[in-house]
Amino acid sequence: MELDLVITNGTVATASDTFRADIGIRDGRIAAIAENLSGAREIDASGKLVLPGGVEAHCHIAQESATGGMTADDYRSGSISAAFGGNSSFIPFAAQHRGVGVTETLDLYDSRAEGNSVIDYGYHLIVADPTEEVLRDELPQAFARGITSFKVFMTYDLMKIDDGQFLDILSVAKTHGALTMVHAENSGIIRWISDRLVAAGHTQPRYHAVSHPAAAESEAINRAITLARFVDAPLLIVHVSTTEGAGMVAQARLEGAKIFGETCPQYLFLTKGDLDRPSMEGAKFMCSPPVRDAGTQEALWRHLQAGTFSVFSSDHAPYRFDESGKLANGPDATFKQIANGMPGIALRLPLLFSEGVRAGRITLNQFVALGSTNAAKLYGMHPEKGTIAIGSDADIAIWDPEETRTVTVEDQHDNMDYTPFEGQQITGWPVTVLSRGETVMDGGKLVAKPGRGRFIARRPPDFTGYPGTRTPELDPARNFGADIAP
Ligand code: DUC
Ligand code: ZN
Ligand code: ZN
């Protein structure tokens, strides 16, 4: 068998197994996993780990924020930065704004992505305006186009939906087998505290954390899970930041509900103490929900270990520390007027590898599951993405588990002027990233041309194994036809 490329002598790891093997690639796909392969080109991976390329499932690229500003990264810089962080595909958001249709939104994001991405990509659709036409026609059309997940917001005045709209979206999603994602924070609690803090002159970035208490997240997660279970629809809670919220996800999963959770590096590596930095420096560490405390970090690690979280994502939301981003409303802006979010697309996997795998908190296989396989499964692109198996796309990241580097903004490939992880020592870095058998990044150099990345038309995910509620209290398909069970 003629192979185009063989990766020799490496230690291969998937979400389930770790083994020594050569990987043979032909026509962009994995064609052989065996001993002593040879091919037209070879990469010697002696001493290295050969892993599925990361699937970055939560990042904001070429997207207007809830406050109107544009992210610093577009599909070119964002995808390049992702590749340097060991990712071979990513799923940013396509954000519908009120008064704009879904199809128009998706066309806009196609034009932003095409010709720019170095890795394969899809979008999660943010639904902010679920009109009758959107629910009846445009969401089904989006699914047909390969957008099988979308996000809703329970907070932010310009984005949030009410409980009835949430039920509408969950019901449409259920009909099509799509996955709804939710930003779960209680809008009323946040507004109530914020108004009072600002009126009392407490406007600095540190009050952002005060105004987004754990109770705001846990109330909203509880409500979101209740609504999803009510109509027996699958739901993924993104960026879980609290012990209480993680506990609710764990409990729902224990009860067989189709509930999934995600957490992010900032909740494991940063604390609200970081927002206390002088002047506006704290703005660099502002994200929603906010970073918490050391006790919460430990609890979230335990939930990662125990399997509460299916995915670990960066929530890369890059706003520069200048007037294009964090300082858009001037140096005296209140915390309410500062864009929420921080960069991290290139550091997600190295941080998890170093403090997770190397520090003995999680296994290498859990690392692969959290960083790649589970996202590929939940977002309908497995087994092409997210694993090393015969027939899968040759999306592979080769890691040097011994390389140690200290994070600095100068080494980043995004379009940012800071990293919140500056100074963090990390052991274990991706050294080569392949996408469909083509080298994207090698030895710290970008090899691929922007525009080679393809749109991934995703399938509905498989929820087998999550029995949910077989006869929900209300089933739109039955009860709106007034079929009332005895
Ligand atoms: N939610 C996100 O998912 N990312 C950035 C800001 C936000 O509110
Ligand atoms: Zn969010
Ligand atoms: Zn986000």
Side-chain angles (χ1 to χ4, degrees), residues 54 56 59-62 69-88 90 92 116-119 205 264-266 268-271 273-275 277-287 291 313-328 331 338-339 341-355 358 371 397-433 439-450:
E56 169 59 82
C59 53
H60 302 267
I61 306 292
M70 187 56 136
T71 55
D73 282 309
D74 58 16
Y75 275 79
R76 185 170 299 214
S77 62
S79 66
I80 290 170
S81 184
F84 275 91
N87 299 289
S88 55
F90 68 159
N116 286 314
S117 188
V118 298
I119 57 176
C264 313
Q266 45 272 40
L268 301 183
F269 291 88
L270 304 173
T271 68
D274 287 301
L275 278 83
R277 295 177 196 221
S279 143
M280 286 293 264
E281 280 287 303
K284 294 178 176 175
F285 301 87
M286 278 178 59
C287 58
V291 293
S313 309
S314 71
D315 197 2
H316 182 77
Y319 303 104
R320 290 169 65 91
F321 193 61
D322 64 22
E323 47 301 328
S324 73
K326 294 281 185 184
L327 306 181
I338 299 171
M342 60 176 78
I345 200 165
L347 299 173
R348 163 186 86 111
L349 292 173
L351 284 165
L352 186 64
F353 186 89
S354 192
E355 287 303 312
R358 296 243 10 159
I398 303 175
W399 284 66
D400 181 345
E402 303 299 333
E403 185 181 345
T404 299
R405 273 194 255 148
T406 302
V407 173
T408 165
V409 65
E410 284 82 37
D411 290 348
Q412 305 305 303
H413 297 84
D414 56 17
N415 211 9
M416 286 295 293
D417 54 359
Y418 79 93
T419 163
F421 303 105
E422 185 79 37
Q424 175 87 34
Q425 186 171 304
I426 292 180
T427 300
W429 289 89
V431 291
T432 303
V433 172
T439 307
V440 177
M441 183 279 279
D442 187 39
K445 300 242 171 329
L446 178 71
V447 182
K449 289 229 177 342

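All heavy atoms count here, side chains included; hydrogens, waters and symmetry mates do not.
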Colleague: Does K326 have any salt bridge (charged side-chain N to carboxylate O under 4.0 Å, His left out) partners at least two apart in sequence or in another chain, and if so, which?
Modeller: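 If we apply the salt bridge (charged side-chain N to carboxylate O under 4.0 Å, His left out) test to K326, skipping adjacent residues, there are no hits.
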Colleague: Mind checking salt bridge (charged side-chain N to carboxylate O under 4.0 Å, His left out) for R358 and listing every partner two or more places apart, or none if nothing turns up?
Modeller: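 Testing R358 for salt bridge (charged side-chain N to carboxylate O under 4.0 Å, His left out), a comparison that skips the adjacent residues, returns E402.
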Colleague: Who are the side chain to side chain contact (heavy atoms under 4.5 Å, CB included) partners of A328, not counting sequence neighbours?
Modeller: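 A328 satisfies side chain to side chain contact (heavy atoms under 4.5 Å, CB included) with no other residue.
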Colleague: Measure across R76 and N116 and return the closest heavy-atom pair with its distance rounded to 0.1 Å.
Modeller: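 Looking at all heavy atoms of both residues, the closest pair is NH2-OD1, 3.2 Å.
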Colleague: Using 0.5 Å steps for rounding, measure from the OG atom of S313 to the CG atom of L352.
Modeller: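 With rounding to 0.5 Å, OG (S313) is 10.5 Å from CG (L352).
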Colleague: I'd like to check the side chain to side chain contact (heavy atoms under 4.5 Å, CB included) partners of T439; sequence neighbours left out, ordered by chain and number.
Modeller: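 Per chain and number, T439 pairs via side chain to side chain contact (heavy atoms under 4.5 Å, CB included) with R41, T432, L434, D442, V447.
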Colleague: How far apart are the closest heavy atoms of G85 and P430, and which atoms are they?
Modeller: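 G85 and P430 have their closest heavy atoms at C-CG, 3.7 Å.
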Colleague: Excluding sequence neighbours, so at least two apart, what forms side-chain hydrogen bond (donor to acceptor under 3.5 Å, both in side chains) with T427?
Modeller: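 Applying side-chain hydrogen bond (donor to acceptor under 3.5 Å, both in side chains) to T427 gives T404.
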Colleague: Who are the side chain to side chain contact (heavy atoms under 4.5 Å, CB included) partners of S314, not counting sequence neighbours?
Modeller: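 Expected list: E56, C59, H316, I345, R348.
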Colleague: Where is the tightest heavy-atom contact between P350 and I426, given as atom of each residue plus distance?
Modeller: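 Where P350 meets I426 most closely, the heavy atoms are O-CG2, 3.5 Å.
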Colleague: With a 4.5 Å cut-off on side-chain heavy atoms, are F90 and S117 touching?
Modeller: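 Yes, close enough: below the 4.5 Å cut-off.
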Colleague: How far does OG of S354 sit from CG of L347, to the nearest 0.5 angstrom?
Modeller: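 If we round to the nearest 0.5 Å, S354:OG and L347:CG are 11.0 Å apart.
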Colleague: Between L349 and G86, what is the shortest heavy-atom contact and its length?
Modeller: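 Residues L349 and G86, closest heavy atoms: CD1-O, 3.9 Å.
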Colleague: For a quick test of reading the model, state the closest non-hydrogen atom pair linking P205 to S279 and the distance between them.
Modeller: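 So the minimum-distance heavy-atom pair works out to CD-O, 4.3 Å.
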Colleague: Using side-chain hydrogen bond (donor to acceptor under 3.5 Å, both in side chains) as the criterion, list what pairs up with D315, not counting sequence neighbours.
Modeller: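 Scan of D315 (side-chain hydrogen bond (donor to acceptor under 3.5 Å, both in side chains), adjacent residues dropped) gives H58, H60.
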Colleague: Any side-chain heavy-atom pair from V409 and M416 closer than 4.5 angstrom?
Modeller: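 Heavy-atom side-chain distance check fails, nothing below 4.5 Å.
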Colleague: Any non-hydrogen side-chain atom of L268 less than 4.5 Å from a side-chain atom of E355?
Modeller: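 SC-SC contact between L268 and E355 ruled out.
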Colleague: Taking only residues two or more places apart in sequence, or in another chain, which ones meet D322 in a salt bridge (charged side-chain N to carboxylate O under 4.0 Å, His left out)?
Modeller: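 Once residues adjacent in sequence are excluded, the partners of D322 under the salt bridge (charged side-chain N to carboxylate O under 4.0 Å, His left out) criterion are R320.
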Colleague: Is any side-chain heavy atom of T71 closer than 4.5 Å to one of Y319?
Modeller: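 The answer is yes, as the side chains (C-beta and beyond) meet within the 4.5 Å cut-off.
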Colleague: Is there side-chain contact between T419 and D414, with at least one heavy-atom pair below 4.5 Å?
Modeller: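 Of all side-chain heavy-atom pairs linking D414 with T419, none is under 4.5 Å.
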Colleague: Restricting to side-chain hydrogen bond (donor to acceptor under 3.5 Å, both in side chains), what partner residues turn up for S77, sequence neighbours left out?
Modeller: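 side-chain hydrogen bond (donor to acceptor under 3.5 Å, both in side chains) check on S77 returns D73, D74.
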Colleague: Work out which heavy atom in V433 is nearest to a heavy atom in A83; give both atom names and the distance.
Modeller: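 What the structure gives for the nearest pair is CG2-O, 3.3 Å.
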Colleague: Working to the nearest 0.5 angstrom, can you tell me the gap between S81 OG and M441 CE?
Modeller: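 If I round to the nearest 0.5 Å, the distance is 10.5 Å.
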Colleague: What residues form a side-chain hydrogen bond (donor to acceptor under 3.5 Å, both in side chains) with Q424, not counting sequence neighbours?
Modeller: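 None.
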Colleague: Sort and list the pairs that fulfil ring pair (Phe, Tyr, Trp, His ring centres under 6.0 Å) and have at least one residue in residues 408-430, not counting sequence neighbours.
Modeller: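 Every pair satisfying ring pair (Phe, Tyr, Trp, His ring centres under 6.0 Å) with a residue in residues 408-430: F84-H413.
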Colleague: If you round to the nearest 0.5 Å, how far is CD1 of I119 from OH of Y75?
Modeller: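 Y75 atom OH to I119 atom CD1 measures 10.5 Å (nearest 0.5 Å).
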Colleague: Side-chain contact, heavy-atom cut-off 4.5 Å: C287 with Q266?
Modeller: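 In contact.
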Colleague: Which residues pass the side chain to side chain contact (heavy atoms under 4.5 Å, CB included) test with E281, sequence neighbours left out?
Modeller: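 Side chain to side chain contact (heavy atoms under 4.5 Å, CB included) list for E281, sorted by chain: R277, K284, F321.
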